[in-house]
Student: 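I have a structure I would like to understand better, so I am pasting it below and will then ask my questions one at a time.
The chains referred to below are lettered A, B, ... by the order of the sequence lines, with proteins before strands, and numbering in each begins at 1. Below, all heavy atoms of this structure are taken into account, side chains as well, without hydrogens, waters or symmetry copies.
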Amino acid sequence: MAKQKKKGQAGQAKNYITRTQAVRKLQISLPDFRRLCIFKGIYPREPRNIKKASKSATHSTTFYYTKDIQYLLHEPLLQKFREQNALSKKIARSLGRNEVQDAVRLEKYAMPKIKLDHIVRERYPTFVDALRDLDDALSLLFLFANLPSTSAVPAKVIARCQRLCHEFEHYLITTHSLRKSFLSIKGIYYQATIQGQDIMWLVPYKFVQRITQDVDYRIMGTFVEFYCTLLGFVNYRLYTSIGLVYPPKFDVASDERGAELSAFTLEGHRVAGAIEQKEDEQKTLTNGDGQVQNSETLQAQINKIAQEADVEDDTKQDEVPEEQADSGTIDTFVPAAPEGDTLPQPDLSGDEAGTLFSNFTFFISREAPRHPIEFLLRAFGCKRIGWDPVLGDGAFTHDETDPRITHQVVDRPALAQALPAVQGQETPNDQKLQVVKPGYIIPGRVYVQPQWIWDCVNEGKLLRTDLYAPGATLPPHLSPWIRPTSGQYDPRATLEEQEPAGEADEDAGDDEAEGEVSASEGEDEEDESGEEDEAVDAGDMDVAGSEDESAEEEVDGFSGFDDAEDASDVSSDLDDEAQHQKELEAEASGRPVPVAHSKEEARKAKAIKARQTAQSKKEEEIERQKMMMSNKKRKLFEKMQHSNNKRDSEAEKLRAKRRKLEKAGKTKA
Amino acid sequence: MGESKKRKAVTKDVEEDAAIVSGDEFDFGQLDGSLSDDDSASGSDAESLTSGAEDDSDAVSIGSDEVPWEEKVESGLLTSKQDGGSVTVDIGAGENDAPGKDQEAEKSEDETPNYRIVKDANGNDRYEYDEIDPGEDSDYSVPDGEANTIGDIPLSFYDSYPHIGYNINGKKIMRPAKGEALDALLESIEIPKGWTGLSDPSTGKPLQLSQQELELLKKVQMNEVATDGYDPYEPTVEWFTSKTETMPLTSAPEPKRRFVPSKHEAKRVMKIVQAIREGRILPYKPPKEEEAEEDEVPNYDIWADEQPRPDHAMHMPAPKLPPPGFDESYHPPPEYLPDKKEKEEWEKREEEDREKDYLPTDYSSLRKVPGYGRFLKEKFERCLDLYLAPRVRRTKLNIDPESLLPKLPSPDELRPFPTHEAGRFHGHKGRVRSLAIDPSGQYLASGGDDGTVRVWTLMPQREVWSVSVGPENAVNVVRWRPGKDTPILAACAGDDIYLCVPRLGTDAGPEAEAAQAVLDAGWGYAASESNTPKSSLVKWSRPSSTQREQGVAIVIHLGHTAKTLSFHSSGNHFVTICPATTVPASQAIAIHTVSKHQTQLPFRKRLKGGGSPQVAHFHPSKPILFVANQRVIRAYDLSKQSLLKIIQPGARWISSFDVHPTSSSTAGSDNLIVGSYDRRLLWMDLDLSPRPYKTLRFHEKAIRTVRFHPATNRYPLFADGSDDGSIQVFHGQVTSDMMSNAQIVPLKVLRGHKVTGGLGVMDLDWHPQHPWLVSAGGDGTCRLWVS
């Protein structure tokens, strides 16, 4: 006989450790343990069998993987934590002795600094690993960059987050690696692709965040601490990989004036090299003031481009896709038939992204959100962005009347009339900025709402601007991440393309009946009533024809299948009979016979009925098959069906809503 | 206790002086001996006292260890006082020390003679005294037996003698060997220098030690310091005197600097003070702020030498958040906006129960979009999820649900089967309890609560014949006798069984005559054979004239109500069962022989396990009778008259069963379907298992009847009728292949019978040639279902 194994010596009992045990093993306090877990990325596990993992455990017990905890035992951070503990005792003691200065000094200077470099390296052995995990980091850092400073969130942390985020944005701008963006009710989603990794993050709108009490800032702060370190290293790597110096120069004064992105100056590695410098100049984003005082030639050039853009605005839109077709890019394969699989294709490359807005000069109005628009435009190739001086420093121009401006982003109700004397007043070197009254437009430029930029970016091409004119009802803003899949509702496609055959008819039938009923209530004309009778009759026939089957289906799960032809034959016979009967009745009462109309309707009704019978037949068949399955399999099947049905019903609901809306629109028209 | 006893003895002996405990070794034996010598009352007194003291001390000692010391002392005193009062006992131990004691001892000597009087050689009295044991500390020495007794004279007197004196017994003590002799002997043996007599353990040779080594050893033995020249007792040298001198050693005056503060020191202190004032010296280490600032900005590439590491099997990266959908847009398509009802529902729900944590809202332009209030909360929850939520890897089943469905034969292959109602038979008042289609397939017989048996033509639903067997008795069963040429109908009503020859045509055809002949043949047999007393209970009799007019040929009086009747395939036998519990067990099952007009009651005792018998059927081809009681079906071999098999379908109350007509010949095993009142339809394969092969539970109410199609080769169908008013039709193919099991496919639910009084379908029967079904309902109609 083999040696008997003792319980609790191997397997799950050894692999998992409860949180209490872990804390005791590491000899630290629970908050410290939490911090350590956050830094090290250690998370609880769920053993397959809780009772096997620990006898006394309940479902609320938290388990960790024993190996994880074991690795923690020789973590250098533990020593730091202990030092911090010792220091906090010292501080408490000096406070107790009323030596406040000492306490302050200790707290200020003697606090052991925690460095997380080694953890970054440990958690992300390769750079790509780090990129893969950047989603949450960016989302949280962008949130913290927009938080008001409180005692829980010191201003220093906020400033650091802001800097890191701006640096990261600069990288995206330089490499044109931003791909998509989406205006949601929560904030603005961005997606960038760096080294083949898709990184998506969410940036809140520029409002003061509501500070709630049910949020533990210590935990968030711990996360932020780690993410800051991570993003710092990622930024370093990103910058150096494209030959830039990290950290970029940061102009504090400019930042205080609200320059945001423009407060940074990117530098190449070899400043001495003349060629490099030239390149750098292109890359460098300096303060707007400096750029306004450009050489005359450059201005002329820009003017020319701007004018060209003005003139050939319409033609350009056509040209752009052509140019793309000429280059050696991949053609998009759109499946012709819905059955085929859709193969994934790469999104637009950085080059394409970099040229989307490169020919335009934008001006951002006072009311439009400057930062996201600026970031997006820059990331998609736009070099010249001006904005209202209210919005801060660093613009290409603060002059709204600047003739070089091709597009103006406005978010106002409707712009009424042209500014009367703009043409004559054009003085670019004028120190005093032209003040354009709100409501006036300057001819020679395109006014768009901000959504235009987002939609262009997501589509990868320039869209018609007239749809996005100020005051116009905007087309719906769609999420670029939801790809049309079978069974799901796609708002881009027309209703006819995606609804299963007959759904519209059915719906229409219902609606018609409703409509007619309401109509009959209103007016009591002969014809109307006749029609209505007919409709009602048709309904009756429906019931009569499919009495057996439909009644059964509702009552019982099991129902045999039926002769479809039989049923339809019968019903059609009945229909014909009914039609004949109607005609006779009409003749007898001396009314004109509504032949054509009713025939058409009868055909429709017949089609509906045929579809219904087919549907019910299919369902019957499935029911029949289900009956012969084992219980276990049936449950699995039903579970799978459940999710499918949920999706389908959701799609159907959306389609129904849309149909109603479309109908309402039609009647209005 | 022994200890305490001893202590007591001592205190007694030694009187007041408790400290003297030399009497510890005091011999009890001696004391006893002395006591036994004189039998004075004092001895007994002392003993009693002793025992009292013993008791006392016992009590004390038992009393506990915590007894206060005083008490102990007291008790000690008490005992000692007693001793002092009456110590007259001790003699032997008397010579202890106390000088005052001697007198007492002498006194006691006088009192107790210490000698024995023995006659000596001359015949005079001789006093022989006991030997006095002086004890250990006695001053008197015991004379040594070998000691020299010459007294205080010099030994030189004996120089010329070989002995040196005499011992106590007068024997000469011989002079011991002199040193000279030993020395002489030793000198005669030559010992090498340094010989030790030991052997060196390392070499094995004799160990020799030098003089120095020996000295060393000696020192070690003496616990001295082994080194040479060390004197442990050197005289102390007083380096510093312990005495204070009264006079100074030098007369020089104290220098001034001893009284003036040092300028040099002051200078140095001032320097330090100045440095502190200027901040050059700090009481603590100055912080390096610049350094701290720069520390936060990484200045090296942490992934400079990156090496991909294979992912640990237990590592589960955090799942990414799903991308936002259309409804999260600030300006979504209008169909995504919730209507009023949805909005209300969303708001009404608890925050945790909401499917989405936001409500799709449409803002006509970007400037109208407000801040999202839950942003911070959501991010916080994400943080919590990242470090607090247990991660489990789940494999997602990515299979088409359709693939799970079993492959069933297509419905076209299973056609034809009854699908719809083709006609109704109205006429019965009250429930129709039973019905049957005649073997030719033209006529339908039915019987109901109104006590009539009716025969109908199938296709135009017309009544052709009817007989009333008594309005008070409901017709329970109607069955045709197998055989196309002799239309004989058996009906059970009340306590009787009626065998009828219905008039089907306008006039009696040859079939009717043949049938009459078959029935009449038995009369003669019955007459010739004397009635056995056993079967006297059952009487075959001719019907009354009115009944005869109507076509009843024989009335069998059973005496109990038969509920089921089943013909043997040959048509000569049929079995009836009276399931009522009041029926005696021996009469419940009866087998009737038509040709002999004979009834047998084959079972004497009640079938075991499961109440009264319910249904019985003959095997279609073998001489086997299946009898079902409430829970078990038993198969009896009729030829051997033995129990063949017990089938346990597992139903609580079997209502009916049917034997597959051809399976025993085609597939080699019998297949049964069993219907039960507990809503189960069970398919039993007798060779497979005594348990059901398939259990079908599709009815909502009890199943009344089950029936195989008689022509199973062409139409592998079976059907059941239930109290819920529905008939379910199944495809049940028994394959001839031994390896594969029967294939059962549900085909059709036939609804139509109305449920009246809790009863839906009472009975059903298949058409012998077509896939048609007839059913009898509790609503008083029979229905024909055709394909």
Student: With only heavy atoms counted, which part of Y227(A) is less than 4.5 Å from chain B, the side chain, the backbone, both or neither?
Tutor: side chain

Student: Do the non-hydrogen side-chain atoms of Y65(A) and H312(B) ever get within less than 4.5 Å of each other?
Tutor: yes

Student: Can you check whether P323(B) reaches S479(A) side chain to side chain, under 4.5 Å on heavy atoms?
Tutor: no

Student: What part of R19(A) gets within 4.5 angstrom of chain B, counting heavy atoms only: side chain, backbone, both, or neither?
Tutor: neither

Student: Determine the option with the most heavy-atom pairs under 4.5 angstrom with chain A, choosing from K379(B), E328(B), R382(B), E306(B).
Tutor: E328(B)

Student: Could you tell me which portion of V369(B) (side chain, backbone, both or neither) has an atom closer than 4.5 angstrom to a non-hydrogen atom of chain A?
Tutor: both

Student: Between L376(B), V392(B), D362(B), who has the most heavy-atom pairs with chain A when the cutoff is under 4.5 Å?
Tutor: L376(B)

Student: Sort L337(B) into side chain, backbone, both or neither according to what part of it lies under 4.5 angstrom from a heavy atom of chain A.
Tutor: backbone

Student: Using a 4.5 Å cut-off on heavy atoms from C-beta on, say whether the side chain of H477(A) contacts that of P332(B).
Tutor: no

Student: Is the distance between the ring centroids of Y387(B) and Y43(A) under 6.0 Å?
Tutor: no

Student: Chain A heavy atoms under 4.5 Å from E378(B): which part of the residue, side chain, backbone, both or neither?
Tutor: side chain

Student: Checking K377(B) against chain A: side chain, backbone, both or neither under 4.5 Å from a heavy atom?
Tutor: both

Student: Is A389(B) in contact with chain A via its backbone, its side chain, both, or neither, using a 4.5 Å heavy-atom distance?
Tutor: backbone

Student: Between D129(A), D214(A), L140(A), V128(A), which has the largest tally of heavy atom pairs under 4.5 Å with chain B?
Tutor: D214(A)

Student: Against the six-membered ring of F63(A), is R45(A) placed for a cation-pi contact (under 6.0 Å from the centre, within 45° of the normal)?
Tutor: no

Student: Does the side chain of L366(B) reach to within under 4.5 Å of the side chain of Q449(A), using non-hydrogen atoms?
Tutor: no

Student: Under 3.5 Å, is there a donor on one side chain and an acceptor on the other for S139(A) and D136(A)?
Tutor: no

Student: Of the backbone (N, CA, C, O) and the side chain (C-beta and beyond), which part of P308(B) lies under 4.5 Å from a heavy atom of chain A, both, or neither?
Tutor: both

Student: Among R121(A), K633(A), E367(A), R48(A), which residue forms the greatest number of heavy-atom pairs with chain B at distances under 4.5 Å?
Tutor: R121(A)

Student: Which bit of F127(A) comes within less than 4.5 Å of chain B, counting heavy atoms only: side chain, backbone, both or neither?
Tutor: both

Student: Count the heavy-atom pairs under 4.5 Å between each of I42(A), L478(A), V208(A) and chain B, then report the option with the highest count.
Tutor: L478(A)

Student: Would a 4.5 Å heavy-atom cut-off, applied to side chains only, mark I38(A) and L386(B) as touching?
Tutor: no

Student: Chain B heavy atoms under 4.5 Å from N15(A): which part of the residue, side chain, backbone, both or neither?
Tutor: neither

Student: Among Y363(B), Y358(B), Y336(B), which residue has the highest count of heavy-atom pairs closer than 4.5 Å to chain A?
Tutor: Y336(B)

Student: Roughly how far apart are S329(B) OG and I482(A) CD1, rounded to 0.5 Å?
Tutor: 11.5 Å

Student: Between H315(B), E381(B), M316(B), which residue shows the highest count of heavy-atom pairs closer than 4.5 Å to chain A?
Tutor: M316(B)

Student: Under 4.5 Å from any heavy atom of chain B, what part of R634(A) do you find: side chain, backbone, both or neither?
Tutor: neither

Student: Sort F637(A) into side chain, backbone, both or neither according to what part of it lies under 4.5 angstrom from a heavy atom of chain B.
Tutor: both

Student: Using the benzene-type ring in the case of Trp, are the ring centres of W683(B) and F730(B) under 6.0 Å apart?
Tutor: no

Student: Pick whichever of P204(A), P369(A), A130(A) has the most heavy-atom pairs under 4.5 Å with chain B.
Tutor: P204(A)

Student: Are H753(B) and S775(B) linked by a side-chain donor-acceptor pair shorter than 3.5 Å?
Tutor: yes

Student: Does R751(B) reach the side chain of S726(B), with side-chain heavy atoms less than 4.5 Å apart?
Tutor: yes

Student: Testing the 3.5 Å rule here: is there a donor-acceptor pair between the side chains of D133(A) and Y124(A)?
Tutor: yes

Student: Taking side chain as everything from C-beta outward and backbone as N, CA, C, O, which of these in D117(A) sits under 4.5 Å from a heavy atom of chain B? Side chain, backbone, both or neither.
Tutor: both

Student: If I measure from the heavy atoms of chain B, does D68(A) come under 4.5 Å with its side chain, its backbone, both, or neither?
Tutor: neither

Student: Would Q209(A) and Y372(B) count as having a side-chain donor-acceptor pair, cut-off 3.5 Å?
Tutor: no

Student: With only heavy atoms counted, which part of R123(A) is less than 4.5 Å from chain B, the side chain, the backbone, both or neither?
Tutor: backbone

Student: Rounded to the nearest 0.5 Å, what's the gap from CG on L681(B) to CG on L696(B)? Could you check?
Tutor: 5.0 Å

Student: Select one option (side chain, backbone, both, neither) describing which atoms of D305(B) are under 4.5 Å from chain A's heavy atoms.
Tutor: both

Student: Against chain B, label L474(A) side chain, backbone, both or neither, depending on which of its atoms sit under 4.5 Å from a heavy atom there.
Tutor: both

Student: Heavy-atom pairs under 4.5 Å with chain B - which of Y217(A), Y64(A), Y205(A), Y189(A) has more of them than the others?
Tutor: Y189(A)

Student: Quiz question: by atom type and distance under 3.5 Å, do the side chains of S643(A) and K639(A) form a donor-acceptor pair?
Tutor: no

Student: Using a 4.5 angstrom heavy-atom cutoff, name the option from K67(A), R237(A), R132(A) with the most pairs to chain B.
Tutor: R237(A)

